[in-house]
Chemist: 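Here's a structure for you.
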Amino acid sequence: MTKKTIGPWAVHTTRTEYENPWIKIEESKVTHPDGSPGIYGVVRLANLATGVLPIDSEGYTWLVGQHRFPFNSYSWELPEGGGKKGVDPQRSAARELEEETGWIAADYFPLGEWHLSNSVTDEIAYGYLAWNLSPGTPAPEPSEALTVERVPFADLLARMRAGKIPDAFTHLIVHAAMDQARNGHLPPDIANLLLVD
């Protein structure tokens, strides 16, 4: 007997294969849309993803470098991190910005809500543009070994185009911010800092 349906899939059983404080891996026995039996694996995330494009009055932003365990490679990204579900994601993004870069932003503009890998995870990511920056107190987590670099926004774009920044979330945030700037949705002085290409 079918337990439930998810779109065109009939779901017969679901069990947790693995769980830790950050992720849960589920496997469901399903009937595929074509009627054949199968399984479907989903990684369920305990937190929301948040990311920030901070921009200062001189047109500089901040990149955070760190070694990413799954790919065993060093990655340059915008300030990013997790936020608890039920907490305003902008608040979580502001916390990440200060923790990773030591900057506090007075103004935030929401850029979008995205599903980063929707075939196998339920992760939801929220991106923001931030400006009117003032110094705060950096406080990276004990598990993080970060390098922070202040770079002109144009240099960030050049690195992205050269394939030196493969982080998808960074690309989404940057392109969404530039789109908002082109369409007149940002204060003109902020938009002008982003329209450098």
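Here the structure is a predicted model, which means the values were calculated and not measured.
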Chemist: Can you tell me how far apart CD1 (Ile104) and CG (Leu97) are? Round to the nearest 0.5 Å.
Modeler: 8.5 Å
Chemist: Check for me, please, whether Ile25 and Tyr40 land in the same ILVMFWY cluster - side-chain distances under 4.5 Å, paths through other members count.
Modeler: no
Chemist: Locate the shortest heavy-atom distance separating Leu48 from Lys84; write the atom from each residue and the value.
Modeler: CD1-O, 4.3 Å
Chemist: What side-chain donor-acceptor pairs closer than 3.5 Å can you find for residues 107-115, not counting sequence neighbours?
Modeler:
| from | atom 1 | to | atom 2 | distance (Å) |
| --- | --- | --- | --- | --- |
| Asp107 | OD2 | Asn132 | ND2 | 2.3 |
| Glu113 | OE1 | Tyr126 | OH | 3.4 |

Chemist: Could you walk me through whether Ile190 and Ile55 pass the side chain to side chain contact (heavy atoms under 4.5 Å, CB included) test, one step at a time?
Modeler: CA-CA 8 Å; Ile190 301 303; Ile55 193 89; 4.3 Å; yes
Chemist: Any side-chain heavy atom of Glu17 sitting closer than 4.5 Å to one from Lys24?
Modeler: no
Chemist: Applying side chain to side chain contact (heavy atoms under 4.5 Å, CB included), run through Val174 and Leu157 and close with a yes or a no.
Modeler: CA-CA 8 Å; Val174 167; Leu157 290 177; 3.6 Å; yes
Chemist: Ignoring hydrogens and angles, tell me if any N or O in the side chain of Thr121 forms a donor-acceptor pair with the backbone of Ser117 under 3.5 Å.
Modeler: yes
Chemist: Is there a path of hydrophobic side-chain contacts, each under 4.5 Å between heavy atoms, that joins Val64 and Leu172?
Modeler: no
Chemist: Look at the side-chain heavy atoms of Ile, Leu, Val, Met, Phe, Trp and Tyr, link any pair under 4.5 Å apart, and say whether Leu63 and Met160 land in one connected group.
Modeler: yes
Chemist: Taking the side chain as everything from C-beta on, heavy atoms only, tell me whether Trp103 gets closer than 4.5 Å to Glu98.
Modeler: no
Chemist: Just wondering, do Met178 and Gln180 contact through their side chains at under 4.5 Å, heavy atoms?
Modeler: no
Chemist: Picking from Thr101, Asp56, Asp155, what satisfies side-chain hydrogen bond (donor to acceptor under 3.5 Å, both in side chains) with Arg150?
Modeler: Asp56
Chemist: With the side chain counted from C-beta on, respond yes when Asn47 and Lys85 share a heavy-atom pair under 4.5 Å apart, and no when they do not.
Modeler: no
Chemist: Answer yes or no: is there a donor N or O on one side and an acceptor on the other, between the side chain of Asn192 and the main chain of Pro188, under 3.5 Å?
Modeler: yes
Chemist: Answer yes when Arg95 and Glu100 have at least one side-chain N-carboxylate O distance shorter than 4.0 Å, and no when they do not.
Modeler: no
Chemist: Give me the atom names and distance for the closest heavy-atom approach of Thr14 to Val11.
Modeler: OG1-CG1, 3.5 Å
Chemist: If hydrophobic clusters are built by linking Ile, Leu, Val, Met, Phe, Trp and Tyr wherever their side-chain heavy atoms come under 4.5 Å apart, do Trp131 and Tyr128 end up in the same one?
Modeler: no
Chemist: Hey, what do you get for CG (Leu116) to CD (Glu123), rounding to the nearest 0.5 Å?
Modeler: 4.5 Å
Chemist: Sequence neighbours left out, cut at 3.5 Å: what donor-acceptor pairs do the side chains of residues 65-75 make with other protein atoms?
Modeler:
| from | atom 1 | to | atom 2 | distance (Å) |
| --- | --- | --- | --- | --- |
| His67 | NE2 | Asn72 | OD1 | 2.9 |
| His67 | NE2 | Ser73 | N | 3.3 |
| Arg68 | NE | Glu77 | OE2 | 2.9 |
| Arg68 | NH2 | Glu77 | OE1 | 2.7 |
| Tyr74 | OH | Gly65 | O | 3.1 |
| Tyr74 | OH | Thr147 | OG1 | 2.9 |
| Ser75 | OG | Glu77 | OE2 | 2.7 |

Chemist: Is it the case that one hydrophobic cluster holds both Val196 and Val151, taking links as side-chain heavy atoms less than 4.5 Å apart, direct or via other members?
Modeler: yes
Chemist: Taking Asn183 for its side chain and His185 for its backbone only, find out whether a donor-acceptor pair lies under 3.5 Å.
Modeler: no
Chemist: Which pair of non-hydrogen atoms, one from Leu133 and one from Ala105, has the smallest distance, and what is that distance?
Modeler: CD2-CB, 3.6 Å
Chemist: Test side chain to side chain contact (heavy atoms under 4.5 Å, CB included) on Trp62 and Glu149 and set out the steps.
Modeler: CA-CA 6 Å; Trp62 281 259; Glu149 184 179 357; over 6 Å; no
Chemist: Might you point out which heavy atoms bring Tyr60 and Pro152 nearest each other, and give the distance in Å?
Modeler: CD2-N, 3.4 Å
Chemist: When you compare the side chain of Arg44 with that of Ile23, does any pair of heavy atoms fall below 4.5 Å?
Modeler: no
Chemist: Going by heavy atoms in the side chains, are Ser92 and Thr50 under 4.5 Å from each other?
Modeler: yes
Chemist: Checking Glu80 against Thr170: is there a side-chain donor and acceptor pair closer than 3.5 Å?
Modeler: yes
Chemist: So Val52 and Leu78, do their side chains get closer than 4.5 Å, heavy atoms only?
Modeler: no
Chemist: Any non-hydrogen side-chain atom of Leu53 less than 4.5 Å from a side-chain atom of Thr61?
Modeler: yes
